[in-house]
Novice: 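Input: one structure, supplied below.
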Number of protein chains: 2
Amino acid sequence: MNSDFTLAIHSLSFLALQPDRMSTSDAISESAGVHPVRIRKVLSLLKKHGFIKSKEGTGGGFIFALDLSEVNLWDIYKITSEGALQPKCPESNEKCIVGANMQRVLCSIFFGAEEHMGEYLKDYSMKEVVDLVNKRQ
Amino acid sequence: MNSDFTLAIHSLSFLALQPDRMSTSDAISESAGVHPVRIRKVLSLLKKHGFIKSKEGTGGGFIFALDLSEVNLWDIYKITSEGALQPKCPESNEKCIVGANMQRVLCSIFFGAEEHMGEYLKDYSMKEVVDLVNKRQ
DNA sequence: CCAATCTGTAATGCTTAGTATTACAGTACG
DNA sequence: CGTACTGTAATACTAAGCATTACAGATTGG
């Protein structure tokens, strides 16, 4: 899977530890070791879904908009990486019973796998992630 | 994730429907819509782990070596795609508490997610996959 | 014995997804 | 109105996935 999901978690954790002031994409990108534009792209998604607020101009930046325990990893996964489990198959052969039916079967299996992983991810709220980050300083 | 996992499932399903004779990589590759060399690479893995047998030369090919119900999708996942969930993070910043700890936290979360998905995949044996393929002809 | 038909695998090149970088418009503040 | 930000499009770079070529080794049948 691509790393938008982990960058989103990283950014939100960063913001969670600065609850009373705005953080710039530069600061977050330095913490995460990626380019600021990428952070802004990911944060743009998070903003669109109401997890964070942003403000332009001097003194601007990003800030968490919800309570930490209201946001879980499945929420974040869905907006950054949904469908990432599904590998894209080339068109297979309709003349062969396997080729003709495999895609349908695999799609349903992978869909189920993603739903199942969702149950696991729902058990991690951002509060728990931040606690884990804090645990070993 | 890459498509080795699905190609392995596709190939095994194909072999499952030809239980009494050998199938060539050409036949399987045509069914799956990919290059024969790729199929041989995937099947080489499956052979190394004892799921199939192969025979070189005229009349040779591949054939299932176990009972269909003995092989489940988690077995196949493990040898083709283990670790595929884990996105690779760039080195993050050790000077920042988030940067310094995030990788460890994410690794453990993704490891757990993969294990959890494993429980789901274990419920699909190749017998069940083949039944699904046969269901709608 | 040798030509044909397979697997096994390394090497090379192509294609695409992911990512970095540049550029610049828009917003807010002092 | 200059400075410090976000927002976003466009371009370029890089790595992973995949196809293709090439060829050695095994097996069979004529």
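Quantities reported herein were computed from a predicted structural model and do not represent experimental measurements. Lettering of chains follows the sequences in order, A, B, ..., and the numbering in each one begins at 1.
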Novice: C:dC6 P sits how many Å from B:Phe62 CZ, rounded?
Specialist: 12 Å
Novice: Between B:Gly59 and B:Leu43, name the one whose nearest nucleotide on DNA chain C is closer to the 5' end.
Specialist: B:Gly59
Novice: Which parts of residues 14-33 of chain A get close to DNA chain C, meaning a heavy atom less than 4.0 angstrom away?
Specialist: none
Novice: Report the residue from B:His35, B:Glu30, B:Arg40, B:Arg38 that forms a side-chain hydrogen bond (donor to acceptor under 3.5 Å, both in side chains) with B:Ser25.
Specialist: B:Arg40
Novice: Give the cluster check for A:Ile97 versus B:Ile28: same hydrophobic cluster or not, with ILVMFWY residues linked at side-chain heavy-atom distances below 4.5 Å.
Specialist: yes
Novice: Got a salt bridge between A:Lys127 and A:Asp131, using NZ or NE/NH1/NH2 to carboxylate O under 4.0 Å?
Specialist: yes
Novice: Rounded to whole angstroms, how far apart are CD on B:Gln86 and C1' on C:dG18?
Specialist: 17 Å
Novice: Please report, rounded to the nearest Å, how far the C1' atom of C:dG13 is from the NE2 atom of B:His35.
Specialist: 13 Å
Novice: What's the separation between atom CG in B:Leu15 and atom CZ in B:Phe51, rounded to the nearest 0.5 Å?
Specialist: 13.0 Å
Novice: What is the distance, rounded to the nearest whole Å, between atom CZ of A:Phe5 and atom P of C:dG18?
Specialist: 16 Å
Novice: Hey, does the side chain of B:Arg40 come within less than 4.0 Å of C:dG8's phosphate (OP1/OP2), counting only N and O?
Specialist: no
Novice: Just the endpoints, please: which first and last nucleotides of DNA chain D, 5' to 3', lie under 4.0 Å from a heavy atom of chain B?
Specialist: D:dA16 to D:dT28
Novice: With the threshold set at under 4.0 Å for non-hydrogen atoms, list the residues of residues 47-58 of chain B touching DNA chain D in residue-number order.
Specialist: B:Lys55, B:Glu56, B:Gly57, B:Thr58
Novice: Between the side chain of A:Ser3 and the main-chain N/O of A:Thr6, is any donor-acceptor distance below 3.5 Å?
Specialist: no
Novice: With a 3.5 Å distance limit and no angle check, can you tell me whether B:Tyr120 reaches the backbone of A:Glu114 through a side-chain donor-acceptor pair?
Specialist: no
Novice: Please say which of B:Leu12, B:Leu68, B:Ile9 ends up in a side-chain contact (heavy atoms from CB on, under 4.5 Å) with B:Val130.
Specialist: B:Leu68
Novice: B:Ile39 CD1 to C:dG8 P: how many Å, rounded?
Specialist: 13 Å
Novice: Whole Å only: how far is the CG atom of B:Asn2 from the P atom of C:dA17?
Specialist: 15 Å
Novice: Does the B:Glu70 side chain pair with the main chain of B:Asp67, one donor and one acceptor, at a distance under 3.5 Å?
Specialist: yes
Novice: Is a side-chain N or O of A:Ser92 found less than 3.5 angstrom from the main chain of A:Gly99, in a donor-acceptor match?
Specialist: yes
Novice: Hey, does A:Phe62 have a side-chain heavy atom less than 4.5 Å from the side chain of A:Ile39?
Specialist: no
Novice: Check the distance between C:dC6's C1' and B:Ile63's CD1 and give it to me in whole angstrom.
Specialist: 15 Å
Novice: Would you call the rings of A:His116 and B:His116 parallel, tilted or perpendicular, taking 30° and 60° as the class edges?
Specialist: parallel
